[in-house]
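As a basis for the values below, the full set of heavy atoms in this structure was taken, side chains included, without hydrogen atoms, waters or symmetry mates. Only a predicted model underlies this, so the values are computations on that prediction, with no experimental measurement involved.
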Amino acid sequence: MALRSSKGDGSAGSWNRGTGKADFNAKRKKKVAEIHQALNSDPTDVAALRRMAISEGGLLTDEIRCQVWPKLLNVNSNEPAPESRKDLRHMSKDYQQVLLDVRRSLRRFPPGMPDEQREGLQEELIDIILLILDRNPQLHYYQGYHDIVVTFLLVVGERLATSLVEKLSTHHLRDFMDPTMDNTKHILNYLMPIIDQVNPELHDFMQSAEVGTIFALSWLITWFGHVLSDFRHVVRLYDFFLACHPLMPIYFAAVIVLYREQEVLDCDCDMASVHHLLSQIPQDLPYETLISRAGDLFVQFPPSELAREAAAQQEAERTAASTFKDFELASAQQRPDMVLRQRFRGLLRPEARTKDVLTKPRTNRFVKLAVMGLTVALGAAALAVVKSALEWAPKFQLQLFP
């Protein structure tokens, strides 16, 4: 049962603006029927559900998300949630930090929610996080994790949120929950190669400004939950990300930067100016257009083709000690990564390159994205940096979902 109002869906506004009311209602009704048909198939047609989550409008309502999100994560929604130990708050080394973060999360709850209800949900949020960390000692809490957990809590409730976030934490989010930032930095290193493939001029400008990728850190580690004020847009993106490859959030980050090309090029070519612009994400983005664009880019430039460039950036980063002061200046403007900043070392300074511009998008994007999301789950070692950048390639843990 969803805990917030479902009068608006994840992107109904943007979908409705592009069509008449009658057409919109017909499209919506047709999609709802297709989703239920996939859910009622024996076995469940998970590939079709992924296509529905990716395509225009996403999963439409929280009631549908309660049924589909578990299927996308291969979680049995009928199983009881794991039980928490009574002394967990006293025993957990992360309790104080989690408590501080949750207390600061007021804006993540629906406006007008009664204080008593919100405070109850905040207590549930703390319990979910501590239970997952207790059951998975290999996972390390990071500031921003609570932004992801609260999204699931508000959509599916405490019991199901615990199971879904635990699965997500050991797969899609696994690299963010390492004891060091190495894998998170490596994922960020995909951002500039994607931009370079599409718009070399913008890439070169950002490289000249030495802006790095710190501005996108909170986007990535919270799946944009921390930086978007409209919850409808947050859950629409979660539909998309849950149905796709774990690296899709970095592709979406790239299309936001590409969309703001002219704003960036109009900036002074220095780190402070460009970082300030990009760290202030617009709230009126054309989400459906950007989701479609991110899907196109993933199909055209899959991670395997960008891996060498990302690894080369990681290698270049190791010699960029002189940029640490710039990093401190940039990261001081950004939340929720205070703890991460203490572990993050250095900015990216890859060499400028020239690439061909984006070619015509391939067809059958939704099918390809659904297949990629269906067959690939990311493990902690998937993006580890190896000795030779030229020989580096991501190693994905294959997992077939029923």
_I want to know whether His172 and Phe176 have ring centres closer than 6.0 Å._
no
*List the steps and the verdict of side-chain contact (heavy atoms from CB on, under 4.5 Å) for Leu125 and Ile129.*
CA-CA 6 Å; Leu125 180 56; Ile129 294 172; 4.1 Å; yes
_Heavy-atom side-chain contact between Ser163 and Glu79 under 4.5 Å_ = no
*CD of Glu263: more than 12 outside heavy atoms within 6.0 angstrom?*
yes
_Leu49 to Ala38 - nearest heavy-atom pair and separation_ = CD2-CB, 3.6 Å
*asked:* Can you tell whether the side chains of Glu34 and Lys29 come within less than 4.0 Å, N to carboxylate O?
replied: no
*Would a line drawn from the ring center of Phe224 to the ring center of Phe252 be shorter than 6.0 Å?*
yes
*Going from CD1 on Ile64 to CG on Asp239, what distance comes out if it is rounded to the nearest 0.5 angstrom?*
9.5 Å
*Please lay out, stage by stage, how Arg89 and Glu123 fare under the test salt bridge (charged side-chain N to carboxylate O under 4.0 Å, His left out).*
CA-CA 11 Å; Arg89 296 195 180 197; Glu123 293 300 312; 2.8 Å; yes
*Can Asp147 and Trp223 be counted as having a side-chain donor-acceptor contact under 3.5 angstrom?*
no
*Main-chain N/O of Leu130 paired with Asp134 side-chain donor or acceptor, under 3.5 Å*: no
*Is there side-chain contact between Asp127 and Thr162, with at least one heavy-atom pair below 4.5 Å?*
no
*asked:* For Ser218 and Val227: C-alpha separation, side-chain torsions, deciding distance, then whether side-chain contact (heavy atoms from CB on, under 4.5 Å) applies.
replied: CA-CA 8 Å; Ser218 65; Val227 294; 3.7 Å; yes
*Would you call Met113 and Leu121 a side-chain contact if the rule is heavy atoms closer than 4.5 Å?*
yes
*Could you check His233 against Leu237 for side-chain contact (heavy atoms from CB on, under 4.5 Å), going step by step and ending with a plain yes or no?*
CA-CA 6 Å; His233 299 151; Leu237 289 182; 5.8 Å; no
_Gap between atom CG of Asn76 and atom CG of Leu160 - 0.5 Å precision_ = 10.0 Å
*Considering only heavy atoms from C-beta outward, does the side chain of Ser169 approach that of Arg174 to under 4.5 Å?*
no
*Looking at Lys31 and Glu56, does any basic side-chain N land under 4.0 Å from a carboxylate oxygen?*
no
*asked:* Ignoring hydrogens, what is the shortest heavy-atom contact between Cys66 and Val155? Give both atom names and the distance.
replied: SG-O, 3.3 Å
*Specify whether Phe215 and Trp219 have parallel, tilted or perpendicular ring planes, treating 30° as the upper limit for parallel and 60° as the lower limit for perpendicular.*
perpendicular
*Identify the two heavy atoms, one from His140 and one from Leu133, that lie closest to each other, and give their separation to 0.1 Å.*
C-CD2, 4.4 Å
_Any heavy-atom pair between the side chains of Leu59 and Trp69 that's under 4.5 Å?_
yes
_Side-chain heavy atoms of His146 within contact of Ser105, under 4.5 Å_ = yes
*Work out which heavy atom in Ile128 is nearest to a heavy atom in Ala161; give both atom names and the distance.*
CD1-CB, 4.1 Å
*Would you say the side chain of Leu202 lies within less than 4.5 Å of the side chain of Met206, judging by non-hydrogen atoms?*
yes
*asked:* When you measure from the side chain of Tyr251 to the backbone of Phe301, do you find a donor-acceptor pair of N or O atoms at a distance under 3.5 Å?
replied: yes
*Kindly indicate whether the side chain of Ile148, heavy atoms from C-beta on, has any atom under 4.5 Å from the side chain of Ile221.*
no
*Using atom types as modelled and distance alone, determine if a side-chain donor or acceptor of Glu158 lies under 3.5 Å from a backbone N or O of Leu153.*
no
*In Å and rounded to the nearest 0.5 Å, what is the CE to CG distance from Met52 to Asp45?*
9.0 Å
_Flag, side chain of Asp230 to backbone of Arg232, donor-acceptor distance under 3.5 Å_ = yes
*Step-by-step side-chain contact (heavy atoms from CB on, under 4.5 Å) determination, Tyr238 to Val234*: CA-CA 6 Å; Tyr238 277 45; Val234 174; 3.7 Å; yes
_Enclosure of Glu119 CD (heavy-atom neighbours >12, cutoff 6.0 Å)_ = yes
_Checking the side chain of Ser41 only, and the main-chain atoms of Pro43 only, is there a donor and an acceptor separated by less than 3.5 Å?_
no
*Side-chain donor/acceptor of His171 to backbone N/O of Lys167, under 3.5 Å*: yes
*asked:* Please give me the minimum heavy-atom distance between Ile54 and Arg236, naming the atom from each residue.
replied: O-NH2, 2.9 Å
*Using modelled atom types only, decide if a donor and an acceptor are shared between the side chain of Arg159 and the backbone of Pro80 within a distance under 3.5 Å.*
no
*Roughly how far apart are Leu228 CG and Gln283 CD, rounded to 0.5 Å?*
5.5 Å
*Hey, could you give me the CD/CG distance between Gln122 and Leu99, rounded to the nearest 0.5 Å?*
9.5 Å
*Between the main-chain N or O of Met192 and the side-chain N or O of Asp196, is there a donor-acceptor pair closer than 3.5 Å?*
no
*Taking all non-hydrogen atoms of both residues, which atom of Val257 and which atom of Ile195 are closest, and how far apart?*
CG1-CD1, 3.7 Å
*Interatomic spacing from CD in Gln67 to OG1 in Thr61 - rounded to 0.5 Å*: 8.0 Å
*Counting distance only, does the side-chain N/O of Asp270 pair as donor-acceptor with the main-chain N or O of Ala272 below 3.5 Å?*
yes
*Got a salt bridge between Asp62 and Arg65, using NZ or NE/NH1/NH2 to carboxylate O under 4.0 Å?*
yes
*Okay, side chain of Arg50, backbone of Leu242: is any donor-acceptor separation there less than 3.5 Å?*
yes
_If you apply the rule salt bridge (charged side-chain N to carboxylate O under 4.0 Å, His left out), what do you find for Asp101 with Arg104, and how did you get there?_
CA-CA 5 Å; Asp101 291 344; Arg104 290 194 293 254; 2.7 Å; yes
